Trainee: 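Right, I'll just put the structure down here and ask away after.
Treat the numbers as computed from the prediction; the structure is a model and nothing was measured.
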Amino acid sequence: MKVAMNSMDIAWENKRVNSEWCQKSVAEAAENQADVILFPEMTLTGFSMQVNKIQDKDGESVRFFSELAKEYNIAIGFGYVTKNGEKGRNHFCLVNRKGKVLEDYEKIHPFSYGGESSAYEGGERICHARLEDLTCGLFICYDLRFPEAFQQLPMDTDAVFIIANWPKERLAHWYTLLMARAIEMQCYVVGVNRTGAGGGLEYRKSSIAIAPEGIPVPTEQKECNRYVELSKEARRSYVKGFPTRKDRRPDIYRA
């Protein structure tokens with residue numbers, strides 16, 4: 001599977017400007033024969049606490065990206081916000097080449113230290129989807145710090161996609177945790193982070209794919225996207241030769 005990672009400099013709370021960039025990036029990814037393109041968390045707005053301002057009220061973000069997927073024949077992963085009640089929900093939606101929603105994950109762990117839990121409530125479901133020939137898990141940003149959630153994914157998980165707005169001050173944590181999750185899960189971990197500045201925070205280009213062995217996968221940078229190849233065969237060959245995850249004892253952990 002060929003993945004396009006888009007480290008976009010998100011225009012703060014400006015859906016029109018960000019939509020234009022996304023369309024350009026999707027077109028490039030399709031031209032480069034990517035199977036899927038992944039955008040950062042809260043793709044069209046940046047990580048904002050202004051839920052009433054940035055929320056989707058009638059499914060406009062899902063509709064926009066679904067139409068792009070159909071037009072360019074490419075799967076797309078993106079973030080958006082909804083509100084149901086007093087607080088918002090932070091979503092990571094994955095649509096296939098035909099624009100069909102494969103999964104719509106709601107971030108389980110709001111970042112209370114940064115105030116996210118005051119504006120957003122956590123989701124209640126771990127999500128995974130079959131994309132092309134890979135089984136893929138979906139998580140968002142702060143979820144990366146909670147390995148318990150990752151371990152609930154199926155044993156045959158080939159890749160985990162994590163979209164984020166992870167600030168530059170904690171990039172050492174970002175890289176370390178991505179590597180740890182890949183080693184623990186014995187699968188590819190693809191982290192897609194934004195760049196630029198927004199909401200008083202700065203972000204540096206740090207999108208990366210980690211192989212099951214815990215090492216970065218070689219990438220190719222184009223104007224809009226960074227491209228990486230994920231191999232189901234290579235991942236499963238590695239697991240067959242070094243099958244550590246099968247030795248887990250979840251019953252004892254729960255006890």
Side-chain angles (χ1 to χ4, degrees), residues 1-15 17-48 65 68 74-80 90 92-94 107 111 114 116 136 138-145 159-183 188-211 213-230:
M1 174 188 288
K2 188 172 186 177
V3 179
M5 302 183 291
N6 191 278
S7 303
M8 64 187 289
D9 182 351
I10 301 175
W12 183 246
E13 297 179 347
N14 192 325
K15 291 186 178 182
V17 170
N18 293 319
S19 295
E20 292 173 357
W21 171 258
C22 288
Q23 181 161 8
K24 178 180 179 180
S25 301
V26 169
E28 183 199 272
E31 183 178 347
N32 283 271
Q33 299 182 315
D35 297 295
V36 59
I37 179 170
L38 301 175
F39 290 100
E41 178 184 14
M42 297 191 191
T43 305
L44 299 181
T45 62
F47 185 77
S48 169
F65 284 106
L68 283 183
I74 185 172
I76 304 176
F78 58 94
Y80 72 104
N90 185 348
F92 176 5
C93 186
L94 181 66
K107 186 178 183 182
F111 184 36
E116 185 179 9
C136 304
L138 310 180
F139 288 104
I140 300 175
C141 204
Y142 188 54
D143 288 331
L144 187 56
R145 294 184 180 272
V160 177
F161 299 150
I162 303 165
I163 61 172
N165 280 200
W166 197 287
K168 68 174 186 178
E169 290 81 5
R170 291 184 286 275
L171 280 182
H173 294 192
W174 167 252
Y175 291 124
T176 301
L177 292 169
L178 288 170
M179 186 179 299
R181 299 296 86 83
I183 294 170
Y188 292 101
V189 173
V190 181
V192 177
N193 195 22
R194 68 159 293 181
T195 55
L201 297 173
E202 292 185 26
Y203 306 89
R204 290 183 180 167
K205 187 170 288 187
S206 54
S207 297
I208 190 171
I210 306 294
E213 301 93 324
I215 59 176
V217 184
T219 60
E220 179 184 14
Q221 180 68 53
K222 299 286 188 180
E223 179 185 358
C224 297
N225 308 304
R226 184 176 293 275
Y227 298 89
V228 62
E229 295 274 359
L230 311 184

Trainee: I'd like to know whether Asp9 forms a side-chain hydrogen bond (donor to acceptor under 3.5 Å, both in side chains) with Trp21, so could you lay out the CA-CA distance, the side-chain angles of the two residues, the decisive distance to 0.1 Å, and finally the verdict.
Mentor: CA-CA 9 Å; Asp9 182 351; Trp21 171 258; over 6 Å; no

Trainee: Between Ile74 and Ala30, which heavy-atom pair has the shortest distance, and what is it?
Mentor: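 Nearest pair, atom of Ile74 first, then Ala30: CD1-N, 4.1 Å.
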
Trainee: Please give me the minimum heavy-atom distance between Cys22 and Leu44, naming the atom from each residue.
Mentor: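 Heavy atoms only, the tightest pair is SG-CD2, 4.0 Å.
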
Trainee: Hey, is CD on Glu20 packed in by over 12 heavy atoms from elsewhere, all under 6.0 Å?
Mentor: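 Yes.
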
Trainee: Tell me, with the steps shown, if Asn90 and Glu116 meet side-chain hydrogen bond (donor to acceptor under 3.5 Å, both in side chains).
Mentor: CA-CA 10 Å; Asn90 185 348; Glu116 185 179 9; 3.2 Å; yes

Trainee: Please list, chain by chain and in numerical order, all residues satisfying side chain to side chain donor-acceptor pair (under 3.5 Å) with Asn193, sequence neighbours excluded.
Mentor: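 For Asn193 the side chain to side chain donor-acceptor pair (under 3.5 Å) partners, ignoring immediate neighbours, are Ser206.
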
Trainee: Where is the tightest heavy-atom contact between Gly196 and Arg194, given as atom of each residue plus distance?
Mentor: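 Closest heavy-atom pair between Gly196 and Arg194: C-NH2, 3.9 Å.
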
Trainee: Ring-plane angle category for Phe65 and Phe39, please: parallel below 30°, perpendicular beyond 60°, tilted otherwise.
Mentor: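 Tilted, since the angle between the ring planes falls between 30° and 60°.
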
Trainee: Do Asp35 side-chain atoms and Lys2 backbone N/O form a donor-acceptor pair below 3.5 Å?
Mentor: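 Side chain of Asp35 to backbone of Lys2: a pair is present.
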
Trainee: What residues form a side chain to side chain donor-acceptor pair (under 3.5 Å) with Arg204, not counting sequence neighbours?
Mentor: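 Partners of Arg204 under the side chain to side chain donor-acceptor pair (under 3.5 Å) test: none.
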
Trainee: Testing the basics here: between Gly191 and Leu178, what is the closest heavy-atom pair and its distance to 0.1 Å?
Mentor: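 Nearest pair, atom of Gly191 first, then Leu178: CA-CD2, 4.1 Å.
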
Trainee: Between Leu144 and Phe139, does a side chain to side chain contact (heavy atoms under 4.5 Å, CB included) hold up when you go through it step by step?
Mentor: CA-CA 7 Å; Leu144 187 56; Phe139 288 104; over 6 Å; no

Trainee: If I take atom CH2 from residue Trp174 and atom CE from residue Met179, how far apart are they, to the nearest 0.5 angstrom?
Mentor: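 Atom-to-atom, Trp174:CH2 and Met179:CE are 13.0 Å apart.
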
Trainee: For the rings on Phe92 and Phe161, is their centre-to-centre separation under 6.0 Å?
Mentor: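 That pair fails the under 6.0 Å test.
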
Trainee: Take Trp12 and Ser48, measure what side chain to side chain contact (heavy atoms under 4.5 Å, CB included) needs, and give me the verdict at the end.
Mentor: CA-CA 8 Å; Trp12 183 246; Ser48 169; 3.8 Å; yes

Trainee: Please test Ser207 against Ser7 for side-chain hydrogen bond (donor to acceptor under 3.5 Å, both in side chains), starting from the C-alpha separation and ending with a verdict.
Mentor: CA-CA 6 Å; Ser207 297; Ser7 303; 2.6 Å; yes

Trainee: So, do Leu38 and Val3 sit near enough that their side-chain heavy atoms are less than 4.5 Å apart?
Mentor: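 The answer is yes, as the side chains (C-beta and beyond) meet within the 4.5 Å cut-off.
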
Trainee: Side chain to side chain contact (heavy atoms under 4.5 Å, CB included) for Thr43 and Tyr80? Distances and angles first, verdict last.
Mentor: CA-CA 6 Å; Thr43 305; Tyr80 72 104; over 6 Å; no

Trainee: Are the side chain of Asn6 and the backbone of Met8 linked by a donor-acceptor contact shorter than 3.5 Å?
Mentor: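 At least one qualifying donor-acceptor pair exists.
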
Trainee: Could you go step by step and tell me if Arg181 and Val160 meet the side chain to side chain contact (heavy atoms under 4.5 Å, CB included) rule?
Mentor: CA-CA 9 Å; Arg181 299 296 86 83; Val160 177; over 6 Å; no

Trainee: State the CE-CD1 distance between Met42 and Ile140, to the nearest 0.5 angstrom.
Mentor: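 Met42 atom CE to Ile140 atom CD1 measures 8.0 Å (nearest 0.5 Å).
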
Trainee: To the nearest 0.5 Å, tell me how far Ile37 CD1 sits from Asn225 CG.
Mentor: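 Spacing of CD1 (Ile37) from CG (Asn225) equals 4.0 Å.
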
Trainee: Under the ring-ring contact (aromatic ring centres under 6.0 Å, His included) criterion, do Phe47 and Phe111 qualify, and how do the steps go?
Mentor: CA-CA 11 Å; Phe47 185 77; Phe111 184 36; 7.7 Å; no

Trainee: What heavy-atom pair brings Val228 and Ala209 nearest, and what distance separates the two atoms?
Mentor: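 Heavy atoms only, the tightest pair is CG2-CB, 3.8 Å.
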
Trainee: Taking it one step at a time, do Tyr227 and Gln33 satisfy side-chain hydrogen bond (donor to acceptor under 3.5 Å, both in side chains)?
Mentor: CA-CA 10 Å; Tyr227 298 89; Gln33 299 182 315; over 6 Å; no

Trainee: Roughly how far, to the nearest 0.5 Å, is CD of Glu169 from OH of Tyr203?
Mentor: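 So the OH of Tyr203 and the CD of Glu169 are separated by 9.0 Å.
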
Trainee: Answer yes or no: is there a side-chain heavy-atom contact under 4.5 Å between Leu68 and Phe78?
Mentor: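 Not touching, per the 4.5 Å side-chain cut-off.
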
Trainee: Distance to the ring centre below 6.0 angstrom and angle to the axis at most 45 degrees; does that hold for Lys107 and Tyr142?
Mentor: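 Lys107 over Tyr142 ring: no.
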
Trainee: Looking at every heavy atom in both Ala211 and Ala182, which two are closest together, and how far apart are they?
Mentor: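 Distance-wise, the nearest heavy atoms are O-CB, 3.6 Å.
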
Trainee: In Å, rounded to the nearest 0.5 Å, how long is the span from CG of Asn165 to CD of Glu41?
Mentor: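 These two atoms lie 4.5 Å from each other.
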
Trainee: Would a 4.5 Å heavy-atom cut-off, applied to side chains only, mark Glu28 and Ser25 as touching?
Mentor: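 SC-SC contact between Glu28 and Ser25 ruled out.
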
Trainee: What distance separates Leu138 CG from Asp143 CG, expressed to the nearest 0.5 Å?
Mentor: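 Rounded to the nearest 0.5 Å, the CG-CG separation comes out at 10.5 Å.
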
